[in-house]
Amino acid sequence: MTALELAEKIKQRQISVLDGVKTVFAEIEKKENRIHAYLDIYKKEAYARARQVEKGIAEGIYTGPLAGVPVAVKDNICVKGKKTTCASRMLENFVPPYQAEAVSRLEQAGMIVIGKTNMDEFAMGSTTETSAYGITRNPWNTDHVPGGSSGGSCAAVAAGEAYLALGSDTGGSIRQPSSFCGVTGVKPTYGTVSRYGLIAYASSLDQIGPIGKNTADCAALLEVIAGRDPKDSTSLDRKDLDFSEAMDQKITGMKFGIPKEYLAKGLDGEVKNSFMEALKILTGQGAIVEFFSVDTMEYMIPAYYIIASAEASSNLERFDGVKYGYRAADYEGLHDMYYRTRTEGFGEEVKRRIMLGSFVLSSGYYDAYYLKALRAKALICQEFDRAFEKYDVILAPAAPHTAPKIGESLKDPLSMYLGDIYTVAVNLCGLPAISVPCGMDSKGLPIGIQMIGNRFEEKKIFRSAAAFERGGRD
Ligand code: GLN
């Protein structure tokens, strides 16, 4: 059952809110020791809240399309009074006295937060293997990773351990694990969802977004969490947030563009075949599909990793053993306390990013690396702007391959970074994009196709993704 179907049945009084909650906890009990999607589970609170929501629905307080639906939240998004660790030892015991705006909106919509999901430490990674609290396994094949960094959220939805989940996407962390887990995930236009209460990785790129079983569920959840929030100065006052409106429209005559360089070297053959099959489904519905050329592809990964690491090194300065979380037990003086706290509190990948980021921002290298990365970003975005003059939607694979085996990726971080080739430009340019399942490889692992829209054109990607789902069924 999808989240919208569950909510409809609740509304019709065929299922109680408590039954819906019980169903997910039954799945969690059955599967968690194998999958480990969650870092924290709120069973008692969820049961109590279910009764309260049941009453609220009966009294007409909660009238929205997702009222009564259980939802999981990535552990870098603050839930007031609940541990929020970012899967880091550094925040092992951090209990925020405030709540993310996105979570407050879930509650206002009558949804039930059931727990916090595993992730790469501070959202840095592509596999959920950099978590300080153990790996998450891919529900389709537990020898493989679920992707990352929102691997816990995507695995939870794929395994039926959640109807819906929130993730965060800085360079692909919603779309790539969605594709690896065979679920649907959306990275909204920058500024659409408040970042208040999302623990910052790279502030100019971070967005919270929905993960669900299909496009309609994601559109409904994005409607719940989107909107202007005065607590986040980068959040926008948009008037076009009725995404579900777009779901039934046909795509006849819509123009889709594909950067032909995206399909050249580095793309797995099975992923490519499945992508080409997906194009047939779109053209079968009257869409126009064309290839075009991009010149900036080779700059995407370097520009992203320089900018993201630079911002991360600055954002993570606050974790110094004084203000938040972990502090080393033994130290001699202030500087040694900083040194030991950060040495012990952060994992390898986070330290790598902090060092890279500090380096590219240091005087003497700032112009050569950071400023150059900003210039490359401007060129990349100009190319996308030009493409959107011609095309409604840009298509790309979500990732160059399906989910790798556990233990294979971290040995060679640089080649892991290359796996983000199809997702990072979207964040650099603030664009919205959705990843939808489009097939399976011969090992039985899911493949995803990415639909990228121009800024504020979520409706076009929801419309395209919904048409694609319908087309795939026929
Ligand atoms: N894999 C990318 C990184 O490690 C993206 C992470 C993300 O979107 N949070 O930076």
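Because the structure is a prediction, the values reported are computed rather than measured.
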Within a 6.0 Å radius of atom [atom1] on [X], are there more than 12 heavy atoms belonging to other residues, nucleotides or ligands?
X: Y299; atom1: OH; value: no
X: Y365; atom1: OH; value: no
X: K80; atom1: NZ; value: no
X: K11; atom1: NZ; value: yes

Spatial distance of atom [atom1] ([X]) from atom [atom2] ([Y]) [nearest 0.5 Å]:
X: Y262; Y: I394; atom1: OH; atom2: CD1; answer: 7.5 Å
X: S464; Y: L395; atom1: OG; atom2: CG; answer: 7.5 Å
X: Y133; Y: S88; atom1: OH; atom2: OG; answer: 6.5 Å
X: I135; Y: T127; atom1: CD1; atom2: OG1; answer: 9.0 Å
X: L316; Y: I354; atom1: CG; atom2: CD1; answer: 5.0 Å
X: L198; Y: I208; atom1: CG; atom2: CD1; answer: 4.5 Å

State whether [X] and [Y] are salt-bridged, where the test is any N-O pair (Lys NZ or Arg NE/NH1/NH2 against Asp/Glu carboxylate O) under 4.0 Å.
X: D392; Y: K459; answer: no
X: D169; Y: R175; answer: yes
X: D237; Y: K239; answer: yes
X: R352; Y: E348; answer: no
X: R386; Y: E389; answer: no

Notebook entry, point to check: Angle class for the F122/F346 ring planes (parallel below 30°, perpendicular above 60°, tilted otherwise)?
Noted result: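 Geometry flag for F346 against F122: perpendicular rings.
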Notebook entry, point to check: F94 vs Y324 aromatic rings, parallel, tilted or perpendicular, using cut-offs 30° and 60°?
Noted result: perpendicular
Just by modelled atom types, is the [Y] backbone N or O under 3.5 Å from a matching donor or acceptor in the [X] side chain?
X: E469; Y: T215; answer: yes
X: R238; Y: R228; answer: no
X: E129; Y: I406; answer: no
X: T84; Y: N76; answer: no
X: E311; Y: S204; answer: yes
X: Y98; Y: G197; answer: no
X: S235; Y: D229; answer: yes
X: S313; Y: A310; answer: yes
X: E223; Y: F243; answer: yes
X: E121; Y: A87; answer: no

Can you confirm whether the side chains of [X] and [Y] place a donor and an acceptor under 3.5 Å from each other?
X: N118; Y: S131; result: yes
X: Q176; Y: T423; result: no
X: R195; Y: Y190; result: yes
X: N214; Y: T2; result: no
X: K74; Y: S150; result: yes
X: Y422; Y: Q450; result: no
X: T128; Y: T136; result: no
X: T252; Y: Q285; result: no

Nearest non-hydrogen partners of [X] and [Y], listed with the distance:
X: V145; Y: A403; result: O-CB, 3.2 Å
X: Y163; Y: V69; result: CB-CG1, 3.9 Å
X: L431; Y: G453; result: CB-O, 3.5 Å
X: F180; Y: P146; result: CB-O, 3.5 Å
X: G253; Y: I288; result: O-CD1, 3.8 Å
X: L222; Y: P188; result: CD1-CG, 3.8 Å

Margin query: D75 vs K116, test: salt bridge (charged side-chain N to carboxylate O under 4.0 Å, His left out). Steps then yes/no.
Written below: CA-CA 5 Å; D75 204 26; K116 299 302 270 308; 3.0 Å; yes
Next item on the list: Take S203 and N315, measure what side-chain hydrogen bond (donor to acceptor under 3.5 Å, both in side chains) needs, and give me the verdict at the end.
Entry: CA-CA 8 Å; S203 314; N315 274 326; 3.0 Å; yes
Note to self: For a side-chain hydrogen bond (donor to acceptor under 3.5 Å, both in side chains) check, start with the C-alpha distance between E270 and T402, then their side-chain angles and the critical distance, and finish with the verdict.
What the structure shows: CA-CA 9 Å; E270 289 187 276; T402 53; over 6 Å; no
Next item on the list: Let me know which of C438, S435, P437 forms a side chain to side chain contact (heavy atoms under 4.5 Å, CB included) with I449.
Entry: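 Running side chain to side chain contact (heavy atoms under 4.5 Å, CB included) over C438, S435, P437 with I449 returns exactly one hit, C438.
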Item checked: Verdict with supporting geometry, K390 and F292, side chain to side chain contact (heavy atoms under 4.5 Å, CB included) -> CA-CA 10 Å; K390 272 180 84 178; F292 69 100; 5.6 Å; no
Note to self: Under the criterion side chain to side chain contact (heavy atoms under 4.5 Å, CB included), I'd like the reasoning laid out for T117 against L166: C-alpha separation, chi angles, the key distance, then a yes or no.
What the structure shows: CA-CA 9 Å; T117 54; L166 293 186; over 6 Å; no
Margin query: Can you confirm if the NZ or CZ of K231 lies within 45° of the ring axis of Y196 and under 6.0 Å from the centre of its six-membered ring?
Written below: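 Yes, K231 lies over the aromatic ring of Y196.
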Item checked: Stepwise side-chain hydrogen bond (donor to acceptor under 3.5 Å, both in side chains) test for E161 and Y38 -> CA-CA 9 Å; E161 293 182 52; Y38 285 91; 5.5 Å; no
Checklist line | Student check: side-chain heavy atoms of V350 and R353 closer than 4.5 Å | finding: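 They are not in side-chain contact.
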Next item on the list: Taking the side chain as every heavy atom from C-beta outward, state whether I114 and V71 have any atom pair closer than 4.5 Å.
Entry: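 The answer is no; the side chains never approach within 4.5 Å.
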Notebook entry, point to check: Where do T130 and M124 land on the side chain to side chain contact (heavy atoms under 4.5 Å, CB included) test, with the steps shown first?
Noted result: CA-CA 8 Å; T130 72; M124 297 171 191; 5.6 Å; no
Next item on the list: For side chain to side chain contact (heavy atoms under 4.5 Å, CB included), just list the numbers for I225 and L106, CA-CA rounded to whole Å, side-chain angles, deciding distance to a tenth of an Å, and then say yes or no.
Entry: CA-CA 7 Å; I225 60 174; L106 298 178; 3.8 Å; yes
Checklist line | From CA spacing to verdict: side-chain hydrogen bond (donor to acceptor under 3.5 Å, both in side chains), S168, Q207 | finding: CA-CA 6 Å; S168 71; Q207 268 294 285; over 6 Å; no
Check: Are the aromatic rings of F359 and Y369 close, with centres under 6.0 Å apart?
Finding: yes
